[in-house]
Number of protein chains: 2
Amino acid sequence: MYDEAMNAPVKTSDLTRQTLLEAAFAEIHRNGFQAASLTQILADTGLTKGALYHHFPDKKALGLAVVEEVIRPRLAAMMFEPLADTRQPLAAMQALLAAKAAEDDPMVVTLGCPLNNLMQEMSPVDESFRQRLNEVFEAWVAVVAAALKRGKTAGEVRRDVDAEATAFFIVSALEGCVGMSKNTQSVAAYRSCLAQLGRFLDTLREP
Amino acid sequence: MYDEAMNAPVKTSDLTRQTLLEAAFAEIHRNGFQAASLTQILADTGLTKGALYHHFPDKKALGLAVVEEVIRPRLAAMMFEPLADTRQPLAAMQALLAAKAAEDDPMVVTLGCPLNNLMQEMSPVDESFRQRLNEVFEAWVAVVAAALKRGKTAGEVRRDVDAEATAFFIVSALEGCVGMSKNTQSVAAYRSCLAQLGRFLDTLREP
DNA sequence: CTTGACACATACCAACCGGTATGTATGATG
DNA sequence: CATCATACATACCGGTTGGTATGTGTCAAG
């Protein structure tokens, strides 16, 4: 069996590892890390503890691997990549918000953002978790900040906006909208909140 | 022993109940509800399970009582009351943000907002929790929305702002700022994020 | 053909959890 | 003074958890 893209051998061992990571991601997304049950993960995958503890030394390592190998790439593909080279970050972000709002039955309203959920739960409890999560979060902020700076030189964004602080706020407000919508369980509130964030983005536009 | 304000007898029973609630609040604030240990709460208070299960039928009832009798009043005193009758909600909220930013070593950066923490953790997991928490949250939004409406008639707030949607966003963004700052564990980031929220509030001002 | 490392499966364990059953001191009431 | 509910304390229980020790099949190397 060969991986067509990488043209490298795909060991079944890597497959089971990936299976464990995906199941762990889902379980953690549903119940949080501390309440996530290894037994449930194994039941979902049909694997056993032997497999799990062969690939991961303990539960914490599994959780950190989920952050690095599942959450981070997903976030990068969904949120980083669309802003990677834009000179019109405001337009790009508005399009992003519109796309997110257009989803019907967004899972983010039901279960929230996997990254945000873990940050809220684990940051005060476990320092190494906090560090890994913070790296992902700050990478996100950095992507937005860089896009805003390019927007400033390109004339889309006002010169007086503080790129870093504004980027931090934008990501924070977005996560806030997701979190509150998760609580109200209302897609309408979710869309309305995203629209308000869009209004804020408009205030950054060079007149 | 008498309560001076109410002029009603203060039973020691009510005192131990209050002790349990405060300890439970602290434990839940530190570890979340599901990870909160009843044993730890009892160790903190010096009480025993007999006392706990005399006052509360089970752990869930204790958690809900914490929401109703600790979190809600605290939030009301801190966030609702300053906006209760203002005709200049923007000025009042700016003052509120400034006051929060002025705190040195705000616990909210270390452990986050108790309400938001519980919402993020419990909303997808337990429906009755979600409902109680949502009542508190929507009461908060309603207070902000009412203040914004008064600001519109008083001429401080632009006529074209959607009071409900804007209020929802303001609270969401605030909780987002708190949550992200908890993750970065940075007071500076916290203050910067609040300042950006202040910038958004300025855009609502009637020119 | 043998050996041995890898990739799991099975069986088991101590610790802790929320919850309960029962005992007991106190204080109000008749 | 007797009674009885209140307000706890103590002891205990079944279930679940993360983690481990050991067994087993497979497969590549020598």
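In what follows, every chain begins at residue 1, and chains take the letters A, B, ... in the order their sequences are listed.
Between the NZ atom of Lys49(A) and the P atom of dG23(D) there is a distance of 19 Å, given to the nearest Å. When rounded to the nearest whole Å, the span between CG of Leu62(A) and P of dT17(D) equals 15 Å. Rounded to whole Å, atom C1' of dT17(D) lies 14 Å from atom CG of Asp58(A). Between Asp14(B) atom CG and dC8(D) atom C1' there is a gap of 14 Å when expressed in whole angstrom units. In this structure, Leu52(B) places its CG atom 15 Å from P of dA7(D), rounding to the nearest Å. In this structure, Leu47(B) atom CG and dA9(D) atom C1' are separated by 10 Å, rounded to whole Å. Distance Lys59(B) NZ to dC16(C) C1': 12 Å, rounded to the nearest Å.
In this structure, the ring of Phe169(A) has its center less than 6.0 angstrom from the ring center of Phe200(A).
Thr16(A) has no side-chain polar atom (N or O) that falls below the 4.0 Å cut-off from OP1 or OP2 of dA7(C). The side chain of His54(A) contributes an N or O atom lying less than 4.0 Å from OP1 or OP2 of dA7(C).
In summary, Asp104(A) and Arg191(A) do not engage in a salt bridge, as defined by a charged side-chain N under 4.0 Å from a carboxylate O. Between Glu175(B) and Lys182(B) there is no salt bridge, since no side-chain nitrogen of the basic residue lies less than 4.0 Å from a carboxylate oxygen of the acidic one. The pair Arg205(B)-Glu156(B) counts as a salt bridge, with a side-chain nitrogen and a carboxylate oxygen less than 4.0 angstrom apart. The pair Arg130(B)-Glu135(B) fails the salt-bridge criterion, with no side-chain N (NZ, NE, NH1 or NH2) lying under 4.0 Å from an Asp/Glu carboxylate O. A salt bridge does not link Arg199(B) with Asp202(B): every distance from a Lys NZ or Arg NE/NH1/NH2 to an Asp or Glu carboxylate oxygen is 4.0 Å or more. With respect to Arg30(A) and Asp44(A), a salt bridge is recorded, a charged nitrogen being found less than 4.0 Å from a carboxylate O. Looking at Glu68(A) and Arg132(A), a side-chain N of the basic residue comes within less than 4.0 Å of a carboxylate O on the acidic one, giving a salt bridge.
Judged by a 6.0 Å distance limit and a 45° cone about the ring axis, Lys59(A) is positioned over the six-membered ring of Phe33(A).
For Tyr53(A), the listed nucleotide lying nearest its side chain is dG19(D); candidates were dG18(C), dC8(D), dG19(D).
Within residues 21-31 of chain B, no residue has any heavy atom under 4.0 Å from DNA chain D. Remark: Ala36(A), Ser37(A), Leu38(A), Thr39(A) in residues 35-42 of chain A come within less than 4.0 Å of DNA chain D through at least one heavy atom.
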